[in-house]
Protein chains: 2
Amino acid sequence: MSKRQNLNAGSVTLLDVAREAGVHVSTVSRALDPAHHARVKEATRQHIEAVADRLGYRPDMVARGLKSGRTATVGVIVADLGNTFITPVIHGLTAAVEAAGMMPMIAETEDNSDRFANILDHMLSRRVDAMVVMSARSADRDILEAAGRILPIVVAGRPLEGTTLPEVVVDEHAGGRLIAEHFADLGHRTVAQLRGPVDVANFPRRDQGFSDACRERGLEQVLVPETATVPVIAEGRRIMDALINLAAGMPTAIFAHNDLMALGALSRLRQDCVRVPDDVSLVGYNDLPMVGHVTPSLTTVKYPGMDVGRLAGEMILRLLGGEQVEGHTLTPQLVARESTRALE
Amino acid sequence: MSKRQNLNAGSVTLLDVAREAGVHVSTVSRALDPAHHARVKEATRQHIEAVADRLGYRPDMVARGLKSGRTATVGVIVADLGNTFITPVIHGLTAAVEAAGMMPMIAETEDNSDRFANILDHMLSRRVDAMVVMSARSADRDILEAAGRILPIVVAGRPLEGTTLPEVVVDEHAGGRLIAEHFADLGHRTVAQLRGPVDVANFPRRDQGFSDACRERGLEQVLVPETATVPVIAEGRRIMDALINLAAGMPTAIFAHNDLMALGALSRLRQDCVRVPDDVSLVGYNDLPMVGHVTPSLTTVKYPGMDVGRLAGEMILRLLGGEQVEGHTLTPQLVARESTRALE
DNA sequence: CTGTTAGCGCCTTCAG
DNA sequence: CTGAAGGCGCTAACAG
């Protein structure tokens with residue numbers, strides 16, 4: 001029964017254990033540290049471990065952090081936990097760093113640059129060992145790069161135009177292409193995009209990839225001047241509304257820049273009794289866990305979030321180990337479901 | 001330009017500032033601490049602040065934590081970030097504690113008791129000042145209560161049967177009732193539940209409230225023996241499948257114990273071309289942001305997550321201030337949408 | 001108003 | 001193999 005777990009004891013220190021065991025603190029320190037416990041006699045070690053267990057000793061990571069300069073914490077900055085494409089990224093990341101005894105500290109910017117600066121500052125104050133940033137907007141670049149000079153930072157998920165920091169991202173350009181090609185293959189000729197924020201690099205890249213493929217395949221784009229300020233349901237609804245109110249004719253296929261926006265668009269279309277996919281085909285992006293279960297199930301682009309998170313975590317560990325790292329660009333995949341159909 | 005923000009400096013300490021400013025460290029400490037800077041001459045204070053700013057001084061919260069015994073961190077333990085009813089809770093909580101300069105440290109148990117124990121232990125090691133637990137299963141109660149003896153803990157969202165810890169919860173019994181009464185009002189006579197995990201107290205309580213109201217209103221329940229192991233889409237699909245394969249006749253209205261399970265059920269029904277609400281009415285629980293935008297939009301019970309989070313945060317602050325607190329029980333509300341209809 | 005001193009809990013030399 | 005001593009950065013007494 002080595003897990004007595006006497007939680008009652010508020011804070012049992014090394015000194016308490018030392019006194020109780022009749023040895024010196026540094027002996028206890030060594031006995032309890034797997035890296036050094038070879039330097040202490042087997043018998044005393046066992047005795048010390050027993051005492052520590054009985055007293056419910058729990059190392060104080062704050063004290064350890066002050067001494068060692070390491071907090072075993074990796075700061076994770078995200079834009080919005082409500083956007084569930086982040087969930088798998090966090091899972092992957094957590095799994096990777098947990099293996100090294102580290103713990104993520106997650107904070108949300110709500111896509112607000114002031115909050116971003118505050119959170120960054122706060123995490124530096126807390127002496128996180130490294131950071132993974134999934135929420136950077138172009139305006140945040142300078143301050144982020146500056147932080148990157150004082151600890152390892154990996155940019156993940158959202159690419160950051162012009163950064164020198166290592167990135168784990170998905171080939172957004174390819175993702176945009178996939179969708180335009182899907183439309184072309186289905187016989188669509190007139191298409192449109194509901195575009196996400198222009199200062200979050202994913203979206204302009206999706207736009208670019210989509211537009212390039214449209215040009216190559218001879219698709220005509222109906223341009224909606226508005227772009228979403230934040231990539232959420234309500235904004236998808238708003239941009240869809242703008243498209244509907246354009247003088248130009250309606251396209252037969254629409255690419256919403258992410259799944260949430262697609263859900264918003266769907267809801268706006270339904271309001272006018274426009275059927276998907278009968279009257280218009282609709283595609284999202286990210287493959288959120290639920291979009292395969294809505295009606296109609298959404299054609300989308302699978303975002304390999306788990307891999308992004310895992311790779312980011314591994315990069316962090318390598319950087320902390322003093323190694324150099326290369327960025328990664330993963331490849332997205334189209335998932336065809338019911339919300340798109342071929343024109344006859 | 002008081003925000004020079006010289007991030008370059010890796011770690012400028014109080015001593016560095018003191019040397020540069022030609023004063024003693026403790027003077028710097030006082031000058032920079034809003035609570036004590038009255039005790040230092042205005043002129044020196046301004047000088048010190050200027051120097052600190054120029055050097056890019058950033059307080060070391062690790063050192064401060066060691067000295068003061070406070071880390072300004074509140075541990076938050078959740079089951080699954082993918083279940084977005086948690087998002088507003090986190091927002092409310094963050095807003096509340098941020099106002100006091102504290103930061104939440106979020107960790108996910110993935111509804112696994114071993115992980116729960118590990119995370120708890122880890123957070124205690126990190127000397128979080130307090131904890132908010134939203135993921136407790138009944139098996140975790142003892143270990144959690146033990147931790148509650150060494151720091152303030154608030155149980156939020158998921159009630160914990162038989163706990164002595166303060167709770168911020170929603171009246172789940174009332175929530176279950178609302179749904180049965182909604183069914184009765186619409187003229188349904190034969191109903192069923194797709195039940196969530198029995199060891200997460202929310203679900204048995206929803207069951208109880210629903211069943212009580214059924215009895216009062218003379219509704220007959222088709223009992224599905226299976227319950228979900230985890231309240232997610234896949235399990236909703238599985239339990240729906242079990243209901244379909246029962247020898248008993250199909251009910252005309254179904255209560256899935258949360259929105260994710262309802263989405264899974266919807267997807268299973270669709271597979272058999274059973275229409276919602278034409279053939280069967282379906283209700284979820286939580287009012288996730290997207291369920292008002294799926295087709296059919298889901299009738300559900302609004303979970304006041306923001307309030308739960310805010311109240312939990314405020315309770316934490318009060319507990320840290322040495323005050324006594326009372327638990328809160330909030331009242332849920334039915335949101336009628338398209339997935340339920342009156343029988344003719 | 002400012003400087004001095006001590007120590008939070010731990011780890012890491014350096015001696016014995 | 002074990003004990004002693006110093007210090008990580010900061011703050012809270014206590015002096016002056």
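Here is the naming used below: chain letters follow the sequence lines, and residue numbers restart at 1 for every chain. For clarity, every value in this text was computed on a predicted model and none was experimentally measured.
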[X] [atom1] to [N] [atom2]: how many Å, rounded?
X	N	atom1	atom2	value
B:Leu15	D:dC8	CG	C1'	12 Å
A:Met61	C:dC8	CE	P	20 Å
A:Leu32	D:dT2	CG	P	14 Å
A:Arg19	D:dT2	CZ	P	20 Å

Which part of the nucleic acid does [X] contact within heavy-atom distance under 4.0 Å: base, sugar-phosphate only, or nothing?
X	result
B:Ser26	base
B:Val23	sugar-phosphate
A:Leu14	sugar-phosphate
A:Lys67	base
B:Arg39	base
A:Thr44	sugar-phosphate

Looking only at non-hydrogen atoms, find the nearest pair between A:Ala18 and A:His24 and report the distance.
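A:Ala18 and A:His24 have their closest heavy atoms at CB-C, 3.9 Å.
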Which nucleotide sits closest to the side chain of [X]: [options]?
X	options	result
A:Arg30	D:dA12, C:dC1, C:dT13	C:dT13
A:Thr27	D:dG9, D:dT11, D:dT2	D:dT2
B:Arg64	C:dG9, D:dC1, D:dT11	D:dT11
A:Leu66	C:dT2, D:dT2, C:dG9	C:dG9
B:His24	D:dG9, C:dC11, C:dG3	C:dG3

Quick check: on DNA chain C, is the nucleotide nearest B:Ser68 upstream (toward 5') of the one nearest B:Gly22, or the reverse? Name the residue that is more 5'.
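Checking each residue's closest nucleotide, the 5'-ward one belongs to B:Gly22.
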Salt bridge or not for B:Arg19 and B:Asp16, using N-O below 4.0 Å?
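Yes, this pair counts.
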Are the charged groups of A:Arg45 and A:Glu49 less than 4.0 angstrom apart, N to O?
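Looking at A:Arg45 and A:Glu49, the cut-off is met.
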Within a 6.0 Å radius of atom CD on A:Gln324, are there more than 12 heavy atoms belonging to other residues, nucleotides or ligands?
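Not more than 12 within 6.0 Å, no.
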Look at the side chain of A:Arg127 against the base of D:dG9 and say whether a donor-acceptor pair falls under 3.5 Å; ignore hydrogens and angles.
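Side chain to base: no pair present.
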